[in-house]
2 protein chains.
Amino acid sequence: MGVGTTGQGGRMSKGSRRQVTLEDVARLAGVSASTVSRSLSMPHMVRASVRESVLWAVSRLGYVPHGAARALARRRNATIGVIIPSLRFTVFADLVESLQAELGAAGYSVLLGHAGSDLRYEADQATALLSRGIDALVLVGNAHDQSLERMATNTGIPVVTTFDYRLDAPYPCVGIDNQAAGRALVDHLLDLGHTRIAALMPDERFNDRAARRLAGVRGALADRGLALHPQHLVLGDGAAEVGRAAMAELLGREPSPSAVVCFSDLVAIGAVVECRARAVSVPGAVSVAGFSGIGLAELTHPAITTVSFSAVDIGREAARLVLDRLDGDGQAPSVEVPHRLEQRASTAAPGP
Amino acid sequence: MGVGTTGQGGRMSKGSRRQVTLEDVARLAGVSASTVSRSLSMPHMVRASVRESVLWAVSRLGYVPHGAARALARRRNATIGVIIPSLRFTVFADLVESLQAELGAAGYSVLLGHAGSDLRYEADQATALLSRGIDALVLVGNAHDQSLERMATNTGIPVVTTFDYRLDAPYPCVGIDNQAAGRALVDHLLDLGHTRIAALMPDERFNDRAARRLAGVRGALADRGLALHPQHLVLGDGAAEVGRAAMAELLGREPSPSAVVCFSDLVAIGAVVECRARAVSVPGAVSVAGFSGIGLAELTHPAITTVSFSAVDIGREAARLVLDRLDGDGQAPSVEVPHRLEQRASTAAPGP
DNA sequence: TTGTATGCGTTATCAA
DNA sequence: TTGATAACGCATACAA
């Protein structure tokens with residue numbers, strides 16, 4: 001679609017310039033509108049010489065197809081809705097960027113919505129995107145509002161979920177096994193000899209990934225006859241500042257933990273900062289672990305032990321699933337993206 | 001538009017369920033289609049009792065307006081295109097999130113495009129968004145490809161640019177005065193007594209904000225009879241890892257700088273990490289300053305001196321400008337968002 | 001205040 | 001291979 005010049009969509013500002021239509025191109029090329037349409041959408045169905053003159057007319061007039069008209073006629077929008085909690089989390093920014101690249105290459109655009117951590121709000125966003133016209137919906141996690149689920153089934157548009165892989169997922173999904181990941185992190189600490197392990201995490205009621213990780217944490221503890229002490233669970237989501245505050249809170253509690261798992265790397269970084277501010281040695285006095293494996297976690301001092309995975313991979317695979325549902329045979333299965341324990345300097349055996 | 005249930009847009013999957021249309025609602029409510037349309041778009045133009053029964057039918061059928069049809073009829077898409085270099089940069093993620101919130105509240109959706117740092121690619125993205133149908137376009141910076149500019153003027157859709165405020169901007173813009181900000185940072189270092197000042201920055205040919213900052217840097221130096229030594233300009237964009245590598249490069253050069261300004265906080269953080277790895281004291285042996293004022297720059301050790309500003313404010317004001325162009329009188333002027341020098345521990349007077 | 005008729009720009013169906 | 005023509009679903013000018 002050549003670097004066209006005139007398009008639709010804008011308010012006709014003052015000059016009220018008319019949209020260049022298929023008709024205009026047809027007239028200039030001396031053919032019918034349908035031939036122009038075909039020359040653009042199914043070039044092989046039209047004689048080469050005709051196609052050439054059409055293309056010439058197109059670029060001469062700077063014709064750009066009218067998206068809405070096309071969507072109306074084709075019953076398809078070439079647009080995918082993506083709803084994430086927030087772009088401030090590196091992993092979601094990576095997801096969106098990756099999705100956009102993959103879907104863009106296949107001719108789809110991305111319509112973006114933010115949901116915070118509120119499932120009701122997520123459903124509202126979905127309604128908005130749906131009425132805007134989307135061919136598929138990409139969500140984060142597997143817990144969603146009833147009204148959203150109803151909408152999805154009623155409209156029949158494909159839904160793909162991300163960041164949480166599980167066999168019983170309601171939609172095709174691509175993500176990590178959060179429970180196994182949570183377990184791996186705690187097993188690592190247990191192996192080091194820790195017994196008083198705390199967790200800094202989002203409210204599990206609003207975050208099913210966190211809930212799964214917590215299940216993994218509890219499971220690992222239970223397997224060794226231990227449990228998460230109620231005083232050892234502190235809520236705190238996302239930002240380093242929050243991690244700092246949560247760590248401050250935790251350090252004031254009894255019994256004091258010898259290790260802390262954070263469900264986000266930034267929170268872990270904040271926790272370490274707070275420890276330094278209080279002259280609490282990491283990992284001397286307390287071990288700290290993060291989650292996600294963002295680049296920064298490797299550069300801090302000490303470098304942060306974490307469970308790493310690729311949000312970019314999740315985006316790419318999610319795009320594959322979406323395209324399979326839209327243009328393929330719709331049989332592509334959910335995919336588990338691997339995670340890996342990155343053992344670094346912020347965790348060590350507990351002091352004597 | 002109640003939490004509807006049935007919408008358009010999806011491929012009709014197998015069952016090929018038909019879209020619920022205005023007509024269906026009209027039939028059920030016992031009125032004409034136009035009355036239904038009015039009940040939804042101009043409720044005050046219809047008798048209360050009628051409106052009620054329409055609304056009832058709407059929710060009964062789970063009617064959701066068909067975006068494309070609506071866009072076609074109204075010649076307006078209720079969609080704003082936003083093209084940014086990358087979501088991996090905190091400031092752009094903040095911009096998008098802020099824009100989305102403000103525009104969403106006004107009934108607009110955000111269609112997102114990523115351009116990297118390539119103006120040609122940005123223009124391609126613009127073409128894609130334009131043909132998807134957007135009512136306005138939000139860009140980053142004031143330097144753009146000719147073809148994009150041509151498209152913009154030909155379509156007549158409003159364009160608003162962000163992050164670079166300048167009087168001679170080709171479109172209404174909202175951002176900081178990058179030149180003044182660059183100058184402020186270097187003045188601070190000069191006041192501390194530095195004379196060998198280096199810069200870690202993106203290639204100015206592809207980044208007009210960086211070019212302006214560099215102009216500010218050079219200006220401040222020139223005012224004191226100094227200049228940027230050619231060996232003291234190292235390219236490196238965005239990520240902490242990149243800042244680390246750039247700093248490594250810089251530390252190997254002659255003459256060695258006593259202070260380094262980075263055009264991004266993450267790069268500054270990376271630079272500090274590299275210094276620590278080499279046992280180069282910050283700010284003892286070399287001062288390091290960042291740019292943007294992301295939260296993390298305050299938490300590092302040492303905390304990073306930076307020029308801070310609010311990308312969220314930029315987003316909010318950009319949304320205001322867009323809405324003014326679309327629904328207002330189109331007279332709202334460009335806005336300069338304030339920046340502030342945050343003097344922190346990473347900069348100090350040079351050693352003897 | 002409500003209904004009728006028409007247009008929005010494309011694609012798809014069907015003849016030619 | 002090409003050209004009429006009928007959808008596609010909604011908004012609006014105009015008539016009632």
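Below, chains carry the letters A, B, ... as their sequence lines are ordered, and counting in each starts from 1.
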Can you check the [X] [atom1] to [N] [atom2] distance for me, whole Å?
X	N	atom1	atom2	result
A/R76	C/dA12	CZ	P	11 Å
B/R132	C/dT10	CZ	C1'	14 Å
B/R74	D/dG9	CZ	P	18 Å
B/R27	D/dG9	CZ	P	12 Å
B/E23	D/dA7	CD	P	13 Å
A/H66	C/dC8	NE2	P	11 Å
A/L40	C/dT10	CG	C1'	11 Å
B/M45	D/dT12	CE	P	12 Å

What's the closest nucleotide to the [X] side chain, out of [options]?
X	options	answer
B/S34	C/dT4, D/dA4, C/dT10	C/dT4
B/R70	C/dT4, D/dC10, D/dA4	D/dC10
B/Q19	D/dG3, D/dC10, C/dT2	D/dC10
B/L22	D/dA11, D/dT2, C/dT10	D/dA11
A/A73	C/dT10, D/dT2, D/dG9	C/dT10
B/L72	C/dG3, C/dG9, D/dT2	C/dG9
B/R38	C/dT2, D/dA4, D/dT1	C/dT2
B/V31	C/dG3, D/dC10, C/dT11	C/dG3
B/R75	C/dC8, C/dG9, D/dC10	C/dC8

Touch class at under 4.0 angstrom, heavy-atom based, for A/T21 against every strand present: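 Sugar-phosphate only.
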Verdict with reasoning, A/T161 to A/V140, per side-chain contact (heavy atoms from CB on, under 4.5 Å): CA-CA 5 Å; A/T161 70; A/V140 170; over 6 Å; no
Value rounded to 0.5 Å, distance of CG in B/D94 from CD1 in B/I314: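 B/D94 atom CG to B/I314 atom CD1 measures 10.0 Å (nearest 0.5 Å).
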Separation between CG of A/L40 and CZ of A/R51, rounded to the nearest 0.5 Å: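 It comes to 11.0 Å.
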Main-chain N/O of B/A71 paired to B/N77 side chain as donor or acceptor, under 3.5 Å: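 Pair absent, no side-chain N/O of B/N77 close to backbone of B/A71.
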Test salt bridge (Lys or Arg N to Asp or Glu O under 4.0 Å) applied to B/R75 and B/D135, step by step: CA-CA 9 Å; B/R75 280 86 152 262; B/D135 297 332; over 6 Å; no
Presence of B/S32 side-chain N/O under 4.0 Å of C/dT4 phosphate oxygens OP1/OP2: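 No.
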B/T35 side-chain N/O to C/dT2 phosphate OP1/OP2 under 4.0 Å: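 For C/dT2, OP1/OP2 do not have a side-chain N/O of B/T35 under 4.0 Å.
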Electrostatic pair B/R120:B/D145 at N-O distance under 4.0 angstrom: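 Between B/D145 and B/R120 there is a salt bridge, with a charged N closer than 4.0 Å to a carboxylate O.
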Base D/dT12 paired with B/S37 side chain (donor-acceptor, <3.5 Å):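 Flag unset: no donor-acceptor pair detected.
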